[in-house]
Amino acid sequence: MNIHLSLVPVVSLLAGVLILVMPKLLNYIVAFYLIAIGLIGLFGGGHFHLHL
């Protein structure tokens with residue numbers, strides 16, 4: 001069984017949940033999200049593969 005886990009949707013989901021839980025941190029969450037997506041794009045670490 002192969003599970004293909006992409007890092008970008010996981011980061012997006014985590015950011016969305018944090019915004020729902022702590023809306024006062026919206027600016028920080030968006031800033032960290034954009035930095036994380038930029039680093040993932042630069043270093044090409046967008047896909048991790050788990051083989052189960």
Is there a chain of hydrophobic side chains (I, L, V, M, F, W, Y, each step under 4.5 Å between heavy atoms) that links Val21 to Ile19? yes
Is there a path of hydrophobic side-chain contacts, each under 4.5 Å between heavy atoms of I/L/V/M/F/W/Y residues, joining Leu14 to Leu20?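 No, separate clusters.
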Rounded to the nearest 0.5 angstrom, the CD1-CG distance for Ile29 and Leu34 is 12.0 Å
> OH of Tyr33 to CG of Leu26: how many Å apart, nearest 0.5 Å?
Replying inline: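 The OH atom of Tyr33 sits 13.0 Å away from the CG atom of Leu26.
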